[in-house]
Amino acid sequence: MILSLWNMWPFLFSLDSSTGVIVLVGYGVVFASLIILYFVFRYLLPFVLRLKLYRRAAREGRAIDESERGEMSGEVNAAIATAIFLYFNEQHDYESNVITIRKVSRTYSPWSSKIYNMRNLHNQR
Amino acid sequence: MKRFITVIAVLTLLSVIWTAFVKPEKEADKSNSAKVEATFYQYQDAHDENGDKAISGLRKFWEFSGFRNATKGNLIMLAVGLFFIFLAIRYDYEPLLLIPIGTGILIGNIPFFQDGGYNLQLGIYQEGSVMNYLYFGVLKGIYPPLIFLGIGAMTDFSSLLSNPRLMLLGAAAQIGIFLTFIGALLLGFAPPEAGAIGIIGGADGPTAIFLSSRLANGINLLPDGTTVKNLIGPIAIAAYSYMALVPVIQPPIMRLLVTKKERLIRMKPPRSVSRLEKILFPIIGLLLTAFISPSSLPLLGMLFFGNILKESGVTKRLADTARNSLIDIVTILLGLTVGASTQADVFLTPDSLMIFVLGAISFVIATAGGLLFAKFMNLFLRGDNRINPLIGAAGVSAVPDSARVVQLEGLKSDPTNHLLMHAMTPNVSGVIGSAVAAGILLSFLG
């Protein structure tokens, strides 16, 4: 199979010209659509979302603060989320985890004694 | 390595058995069974004259039993089905896909009486059978968009939004589709068939089924008046098999093309993404991609619709159904019917073997395309903006398995370097890229 593929190499140039068009246009369109998405989500969307912020900063005559951009790494987010989670988890009642057992002086209990066994009832005459 | 050798050995064994037995099957098989039947029928005929209806009933029972109708092709396909189930259970390779497909292969290859076009309404290709009705969803391309709906409802695109330039890796990996298209043309397939085969390189099962159901469905007519071949079964099986074998196929290519030093590159942690950005992504993505390639609308429309359900935050119930119950139901139906469509007399052809070889090559090319493009991008990037080239391998779609493979390979080089989140970007953009490519091939060849 690989050998037959290799032997076909010279025929690559004899392919129909429409094949080349399909391949080039097809691959080009795949790239183009993802490049457009890249530009939209890398530049256009962040710009539009921060337009209000830029205008206010321009009106006040100052540069935009890093914290105003709202850009923080996922790690910072995870740390904040963990802190909030732990905080809310600790809102429960505090328990000492000490178990106290009151020792009773009379240790004998007949609750499972054989003499009260049902089987014995049958033997009574 | 042991897994790799086991899988390759079994595949080689199956292909040897296939090539050795499939062709002479008809003559050899029929002569053997003819001898047995001749003796049997001579005996039965003698009794039939006496009006022995019980014997006649037995004779009919024998004629209709699987033992009488079994061919070597059926047995080979049953072995393939068992092998799929073995892979899923023993090695945990995409069990959610391989168990339904493997069982489907068993169901589709139980031999039954079909001499003289007799319709018992049993086989998947027999009109009126239950399997035929279920197969309708594959033939008409209904299941793949529903799967995409579920994928959209379960995918978090925030990694993509935080680092959109990694989307280019998803585009680069689609080279596998177009080079395989050329390869299939060179091997003598008609252009629509070659387009359907090429999409295996997208490593996206639903897309492969969708495109093959439109281009290589055994119904469409070619310009010369002949009918295209029905390649849905082989293409779907090849696509899903290679997707399941991602952990076997990709690591050797990754190790071959990415140096040890490059594998250690640490990437910047992704930034947090606002809710508004997440809501806008499916809406803008849908409008842009659908305007560029309207033919991919059934797939991308459903993908982004599912994502809107998830991200809008007000349709939680619908999103839950789409990503759990609905996708599970459709996966069961799709896996089972695709498996059953591999009925030996339709599936075991030299074309299927060629499709499997082309599929493997396209998968390798796609992986290499993603890796090499990541290395190419690194030529222009400096400092912590550099990309770990391993994530390029995730551009082949196969969500989320290829991203998982990238994570595992990254951890082998540096146990503290987690690449999963970074790999998800090329991974999901690969899904978008392969759907766009399918749309383009459909508009050119459909």
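All chains are named by letter (A, B, ...) in the order of the sequence lines, taking the proteins before the strands, and each is independently numbered beginning at 1. For the numbers below, each heavy atom of this structure counts, side chains included, while hydrogens, waters and symmetry mates do not.
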| task | Could you tell me which residues in residues 167-177 of chain B have at least one non-hydrogen atom under 4.5 Å from a non-hydrogen atom of chain A, sorted by residue number? | result |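 Contacts with chain A: B:M167, B:L168, B:G170, B:A171, B:A172, B:Q174, B:I175.
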
Given a strict heavy-atom distance threshold of 4.5 Å, which part of [X] is in contact with chain A: side chain, backbone, both, or neither?
X: B:S429; value: both
X: B:L179; value: neither
X: B:F281; value: both

| request: Check the pair B:F373 / A:F31 against ring pair (Phe, Tyr, Trp, His ring centres under 6.0 Å), numbers first and verdict last. | output: CA-CA 12 Å; B:F373 196 78; A:F31 247 100; 5.5 Å; yes

| field | CG-OH distance between B:L166 and A:Y38, expressed to the nearest 0.5 angstrom | value |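 Nearest 0.5 Å value for the CG-OH distance: 9.5 Å.
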
| Inter-residue atom distance B:I182.CD1 - A:T19.OG1, 0.5 Å rounding |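 So the CD1 of B:I182 and the OG1 of A:T19 are separated by 7.5 Å.
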
| query | Any ring pair (Phe, Tyr, Trp, His ring centres under 6.0 Å) pairs touching residues 173-194 of chain B, not counting sequence neighbours? | reply |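 Checked against ring pair (Phe, Tyr, Trp, His ring centres under 6.0 Å) - neighbours excluded - the pairs reaching residues 173-194 of chain B are A:Y27-B:F178.
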
| task | Keeping to residues at least two apart or across chains, list the ring pair (Phe, Tyr, Trp, His ring centres under 6.0 Å) pairs with something in residues 427-446 of chain B. | result |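 As it turns out, there is no ring pair (Phe, Tyr, Trp, His ring centres under 6.0 Å) pair with a partner in residues 427-446 of chain B once direct neighbours are skipped.
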
| request: For the residue pair A:I22 and B:I440, establish whether any side-chain heavy-atom pair is separated by less than 4.5 Å. | output: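 A side-chain contact is absent here, since even the closest heavy-atom pair is not under 4.5 Å.
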
| field | The single option from A:L37, A:L34, A:I36, A:V30 passing side chain to side chain contact (heavy atoms under 4.5 Å, CB included) against B:I292 | value |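 That would be A:I36; it is the only one of A:L37, A:L34, A:I36, A:V30 passing the side chain to side chain contact (heavy atoms under 4.5 Å, CB included) with B:I292.
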
| message | Test of understanding: with salt bridge (charged side-chain N to carboxylate O under 4.0 Å, His left out), list the residues that count as partners of B:R266, not counting sequence neighbours. | response |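 So B:R266 forms a salt bridge (charged side-chain N to carboxylate O under 4.0 Å, His left out) with B:D414.
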
